[in-house]
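Note sheet for the following structure.
We number each residue from 1, following the sequence as shown. Note that ligands are numbered from 1 as they come in the structure, with each ligand's atoms numbered from 1 the same way.
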Amino acid sequence: MRTQVAIIGAGPAGMLLSRILGRAGVEHIVLERQTRDHVLGRIRAGVLEWGTVETLRDHGLGARMDREGHVHETINIAWRGQELLSVDTHDRVGKRMMAYGQTNIQEDLYEAADASGAEIFFEASDVQPNGVTTDSPWVSFTHGGVGQRIDCDFVAGCDGFHGASRLTIPESVRREYEKVCPFGWLGILSETPPLPILMYANHERGFALCSMRNPMLSRYYVQCSMEDTVDDWSDDRFWNELFARIPNEQADQIQTGPSIEKSIAPLRSFVSEPMRYGNLFLAGDAAHIVPPTGAKGLNLAVSDVRYLSRAFVSHYQGDDRYLESYSEMALRRVWGAMRFSWWLTLLLHRFPDQTDFDQRAQEQEISYLAGSEAAQIAMSEQYVGLPYEDQEDA
Ligand code: FAS
Ligand code: PHB
């Protein structure tokens, strides 16, 4: 087979890239290791930066989000057991956030791909980029037991943290940065009305988070040990721990119910530089992982794809300046999100070696946030998403 861009991975990054390239008339083929249903079965992100909302709308992917999504006006931080800091991001920086699950976005992306006839190979195995430092790279893979080859101009590695693309870049070229958190997030979904606000909690027992997916689907998290398994956490234990970490006023608003999904996610910060090697370009989790505290993972995949799709489309219009600048431009935003996510993770979690001094210092920083408009503007502009560099160019 022959195409212009071979996309590895049919998660949010790969499928948004497919959508944007398809609408721009750039030929591409998508290769996905799992089945479509397996990808759709993942429970991941839930909060969208406003730039992500606008990007989805710009590419005809906003209708269901605008019908079913929930616009958040405030970020809320519970602390000292009963205190609640509420920051109105629209009041502070003129932007809001959208609660709309990654699972829904994935469904919308696949529905749009079906409608446009995008070529996707699910259950593609042994996917391997080849010749990426030549002008005629190709991707080899197996599908239905048959060896296949796609000759292309570019390979887009959108295959997540465990994918093959990043490892195609020689170790001598790759610079990797990693910081692993000594705890995880135990998350549940329950078919109950959610707390109307997005609320994080700093508590001496540990972090908690109250979020949503829709008016009858709640998403809650509590910080847990990485030694824990979901079997250690009955629903009763989960609800009791959540209520122990949040103010009574909000706890009284929460309707409990059986969990329909329960999982423990590790927290890590990871960046692999550069995000380009010859004609191989990385986007999304293939190049970076952020702790979910700042709700940046999915949003960074979107910003990478905005920059990368513009680079490919411009190339076929005879302009290679965005190909040349892609890695540096994407990494500027990645590191900005990395720093913000790490700052919020340090502020809200109970680290194993934490002392009473550390706890008081965290509470003091939240108290400072509560009293400082400048501090709230700084937090808001990063949480809702800084402007994209392509918007400044426009
Ligand atoms: P993805 O990992 O989503 O997609 C990569 C795709 O490539 C997958 O479908 C995979 O099957 C496929 N693939 C892998 N190797 C391949 C190969 N060799 N050949 C072909 N295909 C291959 N972010 C948030 O903002 N908030 C959250 O709360 C949050 N929670 C998360 C919880 C978990 C357990 C995980 C793992 C991540 C979470 N994230 C969260 C981050 C997550 O949302 C990612 O940022 C987002 O999925 C990134 O999208 P992609 O880059 O497309 O990577
Ligand atoms: C979620 O709704 O899953 C969510 C919200 C905010 C975060 C992380 C996850 O920071």
Could you pull out all donor-acceptor pairs under 3.5 Å where a side-chain atom in residues 7-14 meets a protein atom, sequence neighbours excluded?
none

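Residue-to-ligand polar distances place Arg213 within reach of ligand 2: an N/O pair is separated by less than 3.5 Å. Between Gly297 and ligand 1, a contact under 3.5 Å exists for at least one N or O pair. Among the atoms of Ala286, none of the N or O lies under 3.5 angstrom from an N or O of ligand 1. Backbone and side-chain nitrogen or oxygen atoms of Trp185 are examined, and none is located within less than 3.5 angstrom of a nitrogen or oxygen of ligand 1.
Ligand 2 is never approached by Lys296 to a heavy-atom distance shorter than 4.0 Å. Taking a 4.0 Å cut-off on heavy atoms, Tyr221 registers as neighbouring ligand 1. At least one heavy atom of Trp185 sits less than 4.0 Å from an atom of ligand 2. Contact annotation: Cys158 has at least one heavy atom less than 4.0 Å from an atom of ligand 1.
The nearest pair of heavy atoms linking Lys262 to Ser234 is NZ-C, 3.5 Å.
Across Pro193, Pro194, Ser218, a single residue satisfies side chain to side chain contact (heavy atoms under 4.5 Å, CB included) together with Gln255, and that is Pro193.
Residue Tyr200 approaches ligand 2 through these ligand atoms, each under 4.0 Å from one of its heavy atoms: 6 (C), 7 (C), 10 (O). Listed by number with element, the atoms of ligand 2 under 4.0 angstrom from any heavy atom of Val47 are 5 (C), 6 (C).
Environment of CD in Glu178: crowded, with over 12 heavy atoms of neighbouring residues, nucleotides or ligands closer than 6.0 Å.
No side-chain heavy atom of Trp79 sits under 4.5 Å from any side-chain heavy atom of Glu365.
Comment: Arg33 does not engage Asp159 in a salt bridge, judged by the lack of any side-chain N to carboxylate O separation of less than 4.0 angstrom.
Here atom 10 (C) of ligand 1 lies nearest to Arg42 when heavy atoms of Gln128, Arg42, Glu123 are compared. Nearest-residue assignment for atom 51 (O) of ligand 1 (options Asp285, Leu40, Ile7; heavy-atom criterion): Asp285. The heavy atom nearest to atom 7 (O) of ligand 1, out of those in Val47, Val30, Asp159, is found in Asp159.
Looking only at heavy atoms of the protein, atom 2 (O) of ligand 2 is closest to Ser211 OG, 2.6 Å.
For Trp342, the ring-ring contact (aromatic ring centres under 6.0 Å, His included) test picks out no residue, with sequence neighbours left out.
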